[in-house]
Amino acid sequence: MKKYTNTGSKDTRSGFGAGLTELGQKNENVVALCADLIGSLKMDDFKKNHPERFFQIGIAEANMIGIAAGLTIGGKIPFTGTFANFSTGRVYDQIRQSVAYSEKNVKICASHAGLTLGEDGATHQILEDIGLMKMLPGMTVINTCDYNQTKAATLAIADYEGPVYLRFGRPVVPNFTAEDQKFEIGKAVMLTAGTDVTIVATGHLVWEALEAANILEQKGISAEVINIHTIKPLDEEAILNSVRKTGCVVTAEEHNFLGGLGESVARVLSLNYPAAQEFVAVSDTFGESGTPEQLMDKYGLNSSVIIEKAEKVIKRK
């Protein structure tokens, strides 16, 4: 089985900041808007180098989305930045009407998603944002796994015509994907080949899936790990090809099991190739305050639970 190495842990929001900085230098149509969280979204360099293309909107997220939609009419490519909770739940009406329905070329970039926001607690931890955004017609939904992939995705969505939701996080996580990778929207990445079980993971759970696959290998179980960075449009072909081979699947995500990646995979399987599936996700509950590590362990979002679910789903084949 192919092994992956952590080349130095970094936060994924810094990958967004690095990508935005590079875009500022290469594409004069890229503009950035922030809702009073410049440092948290790592937008400092863009603001410093391109003050004429940076707009500090303040704590007025709905206004930020409306302004961003308007800027697209003049040919600009707006990147909005705030926490995932405020990027989606707080401004869902504005996104639905002014961005999705109007087919505006707005890039909604959301940090501090999921439980790993940590100590800020349930009011700031959003676990339903993927579901909210994937249900909007025409909305592309991306959830990256490490610094390098987040930077690559930030660069890629600037060249994509249409609304995008880009989800990333605050905690320092292993950086293991290639620095020079080509990010293809809607194209899954096969990380390890296997024959006994498919593990489909997204975001912070991708590294946990790889660690789980290593331990499963020691137990004589061959796991195929797929990195789903784009939840919509979903790479259905990659999922079906894998599950037809392994006969079962575990989905892993830092999100409510209702409305997330797991449900999208279940729909694909039910329509094309019914197979046993287990979910690693938050079980229809809000989060709470704690360190990211404590919360991921308490809510069962780690390699140990992926292993447990893999062994369980294999028995159900």
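Source: prediction; values computed, not measured.
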May I ask whether Val280 and Ile314 are part of the same hydrophobic cluster, defined by side-chain heavy atoms of I, L, V, M, F, W, Y residues being less than 4.5 angstrom apart, directly or through others?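 Cluster IDs for Val280 and Ile314 match.
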
State plainly whether one hydrophobic cluster holds both Val30 and Ile108, where clusters connect Ile, Leu, Val, Met, Phe, Trp and Tyr through side-chain heavy atoms under 4.5 angstrom apart.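 Result: no, two separate clusters.
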
Can you tell whether the side chains of [X] and [Y] come within less than 4.0 Å, N to carboxylate O?
X      : Y      : answer
Glu263 : Lys134 : no
Glu236 : Arg267 : yes
Glu278 : Arg316 : yes
Lys3   : Glu217 : yes
Lys10  : Asp146 : no
Lys219 : Glu311 : yes

Taking the side chain as everything from C-beta on, heavy atoms only, tell me whether Thr285 gets closer than 4.5 Å to Tyr299.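 Side chain of Thr285 against side chain of Tyr299, heavy atoms only: contact under 4.5 Å found.
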
Evaluate whether atom NZ of Lys312 has more than 12 neighbouring non-hydrogen atoms of other residues, nucleotides or ligands under 6.0 angstrom away.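 No, the 6.0 Å shell around NZ holds no more than 12 heavy atoms from other groups.
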
After noting the C-alpha distance and the side-chain angles of Gln181 and Thr177, does the key distance pass the side-chain hydrogen bond (donor to acceptor under 3.5 Å, both in side chains) rule? CA-CA 8 Å; Gln181 67 188 276; Thr177 66; 2.7 Å; yes

Can Ile65 and Asn63 be said to form a side-chain contact (heavy atoms from CB on, under 4.5 Å), step by step? CA-CA 5 Å; Ile65 295 297; Asn63 193 33; over 6 Å; no

Is the Phe54 ring parallel, tilted or perpendicular to the Phe46 ring (thresholds 30°, 60°)?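 Answer is tilted, since the angle falls between 30° and 60°.
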
Parallel, tilted or perpendicular: which one describes the rings of Phe83 and His112, with boundaries at 30° and 60°?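 Ring orientation, 0 to 90° scale: parallel.
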
Quick check with a 6.0 Å cut-off and a 45 degree axis cone: is Arg90 positioned over the face of Phe86's six-membered ring?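 Yes, a cation-pi geometry holds between Arg90 and Phe86.
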
Check Ile142, Thr88, Asn143 against Ile130 for a side-chain contact (heavy atoms from CB on, under 4.5 Å) and give me the one that passes.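 Answer after filtering Ile142, Thr88, Asn143: Asn143.
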
Evaluation steps, side-chain hydrogen bond (donor to acceptor under 3.5 Å, both in side chains), between Glu119 and Ser289: CA-CA 4 Å; Glu119 292 84 351; Ser289 296; over 6 Å; no

side-chain contact (heavy atoms from CB on, under 4.5 Å) between Thr192 and Leu210: does it pass, once the steps are laid out? CA-CA 8 Å; Thr192 68; Leu210 287 172; 3.9 Å; yes

With rounding to the nearest 0.5 Å, note down the distance linking CG in Asp11 to CZ in Phe16.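 Between Asp11 CG and Phe16 CZ, I get 12.5 Å after rounding to 0.5 Å.
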
Just by distance, do the side chain of Gln97 and the backbone of Asp93 share a donor-acceptor pair under 3.5 Å?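 Here the side-chain-to-backbone pair does not exist.
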
Expected output: side-chain Asp36 to main-chain Gly58 donor-acceptor under 3.5 Å: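 Answer holds: no.
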
